[in-house]
Structures are given as structure tokens and as C-alpha cells.
There are 2 protein chains.
Amino acid sequence: MITTGNEKKGKEKLSLTSQRAVARLALYRRMLLHAKDDGQHTMYSHELADLIGVHSPQVRRDLMEVGYLGHPRHGYEIAGLISRLDAYFGMDQGIRMVLVGVGNLGRAILNYFVGKQSHISMEAVFDTDPTKFDRTIGGCHCYPLDQLYAIVSGKGVHIGVITVPAVQAQSVADLLVKAGVNGLVNLAPARLRVPPSVFVEDMDVTLAIEKVAYFSKMFSGDRGGK
Amino acid sequence: MITTGNEKKGKEKLSLTSQRAVARLALYRRMLLHAKDDGQHTMYSHELADLIGVHSPQVRRDLMEVGYLGHPRHGYEIAGLISRLDAYFGMDQGIRMVLVGVGNLGRAILNYFVGKQSHISMEAVFDTDPTKFDRTIGGCHCYPLDQLYAIVSGKGVHIGVITVPAVQAQSVADLLVKAGVNGLVNLAPARLRVPPSVFVEDMDVTLAIEKVAYFSKMFSGDRGGK
DNA sequence: ATATGTGAACCCATTCACAGCG
DNA sequence: CGCTGTGAATGGGTTCACATAT
């Protein structure tokens with residue numbers, strides 16, 4: 001087990017922070033990176049709270065959870081907190097991922113990573129379309145899907161991103177799990193069945209649209225001008 | 001006047017179901033559609049529960065919320081429940097949406113809708129790239145972004161889907177809101193500021209990956225070997 | 001005085017347990 | 001009986017309030 005320089009109190013709390021909390025922490029990190037780019041050195045909990053739309057005690061409690069202490073008069077030190085969050089997300093050791101399904105959606109996601117250097121790296125992409133084999137797409141080499149196990153297994157790849165049609169999603173998930181990933185980002189509108197040791201995050205655009213359909217109808221009780 | 005955005009003028013009947021509940025209802029609907037395609041006529045709460053990974057009382061409570069009653073011995077009647085859910089999501093009146101940003105991501109989302117007939121229709125798409133103007137992309141006519149207000153306003157378009165780079169997301173959101181949409185699906189990794197009468201659903205792939213990074217690390221005690 | 005750290009209260013979503021009905 | 005409908009209990013996440021530190 002590798003621990004980085006920043007020591008938190010002896011509490012190596014592996015506790016499962018709630019998914020909501022983890023998402024907020026990722027947002028804090030993003031805002032802190034922006035602030036750092038702008039030359040800021042410290043930030044108050046209430047500033048961070050305003051930036052992502054929560055209350056300041058929420059921020060303080062979240063940061064307490066990751067074991068980073070602020071300064072009662074000056075707030076939180078940005079660079080240090082970013083380092084702490086990097087460690088929290090395992091980015092100090094690097095996160096390796098692969099993507100399966102180089103359609104429009106897959107390419108869109110690859111574009112998020114091309115150019116900008118991140119602690120999260122896309123190691124390879126896979127597809128079943130022979131015209132894509134051995135090409136470099138979005139900065140990544142594209143391999144045939146049936147070589148996935150051979151290429152991914154044992155390489156310490158943590159995350160698989162699934163951007164294939166719904167009908168293929170489960171078989172791709174099975175393949176990725178067999179190859180050793182323990183986290184999946186599933187962009188296909190399908191429900192995946194995976195062993196409990198694998199974490200799945202579903203990103204279902206159709207579902208999101210339906211949600212918005214409901215709430216937007218509700219929000220527009222009257223649509224009279226203002 | 002300062003608006004805290006905290007005025008909930010909840011209508012008791014159509015009460016603001018929680019976001020989580022609405023997402024589940026959309027999933028129920030999808031599963032029911034599949035079952036109907038397979039020729040099933042009724043379904044039990046525990047079946048539906050298993051299909052989406054929740055407990056049966058949760059299903060019954062959710063369906064109670066939308067006011068659909070099952071039969072104590074035969075479960076829920078599929079066709080009727082689907083109709084009820086269609087009405088719940090406003091689909092019986094049709095949901096009209098537009099999409100802004102015809103990059104890979106935008107095209108991927110358009111592909112979700114091309115071919116399959118849905119109660120949700122994509123009315124038009126917009127971009128700033130002149131080479132795309134007046135072309136039909138994913139079954140939709142592409143207009144210049146600066147014609148958005150003229151084309152969308154007054155057409156009863158409910159939802160805007162934002163698939164532009166992060167830096168443009170806010171201005172596109174402003175435009176869509178001015179044109180009268182009251183629901184946004186935001187695929188850009190940016191935080192949007194909108195009036196409280198507009199519902200925003202963020203779909204942030206980068207955030208999702210970071211979430212999975214955390215939980216996948218946590219799920220795998222060590223990453224060295226097996 | 002101002003901002004953090006945190007126990008305690010609060011609130012809401014989920015789950016339980018059982019009444020009711022076919 | 002089996003399955004639904006739902007009040008009651010549970011549990012987890014958020015907010016409050018205040019002690020603490022500088």
C-alpha cells in the first residue's frame with residue numbers, strides 16, 4: 001500500500017463514502033484546479049459551496065471525510081487540497097482505462113482526453129469493425145474486440161468505458177470484468193449484471209431526457225412570459 | 001430582488017416526486033415496454049424490482065405515487081401502466097426537443113432517436129459550423145445557432161440538449177432559456193446558471209469516470225495481482 | 001471577528017410489517 | 001393463500017448550531 005506525502009490523521013477510512021459525496025469531491029477538485037490556474041492559493045468553504053451549488057457545512061463535512069484540514073482563518077490551501085483529492089481518487093498512482101465501441105459516442109469521450117493531460121489515461125480502445133483495427137483514433141490505438149482479454153488482462157487497467165449498442169453491452173461488460181477491470185462506465189441504455197466487486201456507473205442519455213421531460217413539464221405550471 | 005430559488009410551489013397532486021423516483025419510473029417504463037414486446041400482459045412488483053435492482057415495496061410505492069393500481073392477485077397490467085407512465089412523463093402530449101452542438105456527442109445522441117419512434121421528438125439541431133448548415137444530420141435539419149431563437153421560440157419546445165464544448169455551454173443555455181425551453185440536458189462539463197423555472201440535468205462523463213475511479217480502487221483492495 | 005470542525009437535530013428516501021382484497 | 005396498498009419504523013445524508021482555533 002502506497003501512501004503519499006500528505007498524511008491524514010491515522011484514520012485510513014476506507015469507508016464507502018456515499019456516491020453523492022464522491023461526486024461533490026470530484027467537483028471540488030475541478031473548481032480548485034480552475035482557481036489554481038487563476039493564481040488563487042486558498043479558498044473558503046463557502047466559496048467552494050457557491051461554485052457547485054451546495055451549503056458550506058456540506059463542503060466542510062466532505063473535506064473532513066477525506067481528512068484534509070483547513071485553516072480557521074484562511075480557509076483551505078488549494079494546492080494541498082488538490083493533492084489530497086488526487087490521492088483520494090487514486091490519481092497519484094494513475095488511473096488506467098480502456099474504451100470499447102468507437103462510434104460517435106466513443107470518439108466524443110476520447111476527445112475529452114485528447115490534448116489535456118490528466119492522471120486518468122486511456123490505454124486502448126476496442127471495436128469489432130475491421131476498418132478501425134490498428135488505426136489511431138482520438139490518440140488511442142484501436143484493437144479488435146476479441147483481443148481485449150489478451151491486451152487488457154494483467155495490465156492493471158481499472159476502468160472500462162462501454163460505448164457499444166445496448167444489445168452488446170452485457171457481453172462487453174463480461175469481457176472487461178474477466179480481463180480484470182473493477183469499474184465500468186456504461187453509456188449504453190442497458191442494465192448490466194456484474195459481480196459485486198465491480199462498480200458500475202450508468203450514464204443513460206435517454207433516461208436523462210425522460211427525467212427532464214417530467215420535470216420540465218412540471219416546472220412550467222404556467223408559461224406566460226416571465 | 002434576491003431569489004433564493006427556494007420557493008417550492010408544489011402542487012399536491014402532481015407533487016414533486018424525487019429525482020431518484022422519477023428515474024426509477026422511467027426504468028420501469030422501459031422494462032414494461034420490453035415485456036410488452038415479449039408478449040407479457042401483467043407484471044408483479046417483485047419482477048419489476050428485480051429487473052432494475054430495487055426492492056418490491058419500492059416499486060409499489062413508486063407506482064402508488066403515479067396513481068396506478070395493480071390487482072392484488074395478478075400484479076400490474078402492463079399496457080395500462082405504460083399508458084399511465086406515458087402521461088406521467090407528458091409523452092401523451094409529445095415532448096419536443098432540440099439539440100445544440102453537432103459534434104460526435106451530438107450525433108451519438110441523435111442516433112438514439114433515429115429509426116425508433118418515440119413520444120420524444122428531436123425537432124431541430126443547431127451548430128456554428130457553416131459546413132453543417134442546412135444539412136440533415138441524424139434525421140434532423142441543422143440550422144445556424146444564431147437562428148435558434150427565431151426557430152425555437154413559440155414552437156412549444158420543452159427540452160434543449162447541450163452538446164457543445166464547455167466554454168460555450170452557458171451562452172447556449174441562455175439562448176435556449178430565452179427561446180422558452182424549461183428543461184436542459186447538459187452534456188458539457190460546465191456548471192450552468194439558469195433561472196429556477198428551468199430544470200437542468202447534468203451528464204458529466206468526466207465526473208462519472210472520476211467517480212468510478214474512486215469506487216473501483218476501493219472495491220479492489222490491492223491492484224498488484226490476484 | 002471570522003472561518004473551520006463536528007455533535008446533534010432534522011429531513012427525506014427506503015424498508016418493514018401488516019392490513020386488505022381478490 | 002399471494003400480492004397489493006400503506007402507515008410506521010429505519011437509516012442515511014444534509015443542515016444547524018456552536019465550540020474551537022487564529
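Remember, it's a predicted structure, so these values are computed and weren't measured experimentally. So that the names make sense, note that chain A is the first sequence line, chain B the second, and so on, each numbered from 1.
Map A:H74 and A:R20 each onto its nearest nucleotide of DNA chain D; the residue landing nearer the 5' end is A:R20. Nearest-nucleotide positions on DNA chain C for A:R73 and A:G70 put A:R73 closer to the 5' end. Nearer to the 5' terminus of DNA chain D, by closest-nucleotide assignment, is the contact made by A:V54 (compared with the other of A:V54 and A:H71).
Among the nucleotides C:dG5, D:dT15, C:dT15, the one closest to any side-chain atom of B:R61 is C:dT15.
Rounded to whole Å, atom P of C:dT14 lies 15 Å from atom CZ of B:R60. With rounding to whole Å, B:Y76 atom OH is found 14 Å from C:dG22 atom C1'. Atom CD in B:E65 sits about 13 Å away from atom P in D:dG5, given to the nearest Å. The CG-P distance, from B:L63 to D:dT4, rounds to 9 Å in whole Å.
In this structure the side chain of B:L105 reaches within 4.5 angstrom of the side chain of A:Y112, judged on heavy atoms. Counting only heavy atoms from C-beta outward, the side chains of A:R84 and A:L63 never approach each other to under 4.5 Å. Side-chain contact between B:M43 and B:L51 is present, with at least one heavy-atom pair separated by less than 4.5 Å.
Contact check, B:R24 against C:dT14: a side-chain N or O comes under 4.0 Å of OP1 or OP2. Between B:S45 and D:dT4 there is a side-chain N or O to OP1 or OP2 distance below 4.0 Å. The side chain of B:Q58 places an N or O atom within less than 4.0 Å of a non-bridging phosphate oxygen (OP1 or OP2) of C:dT15.
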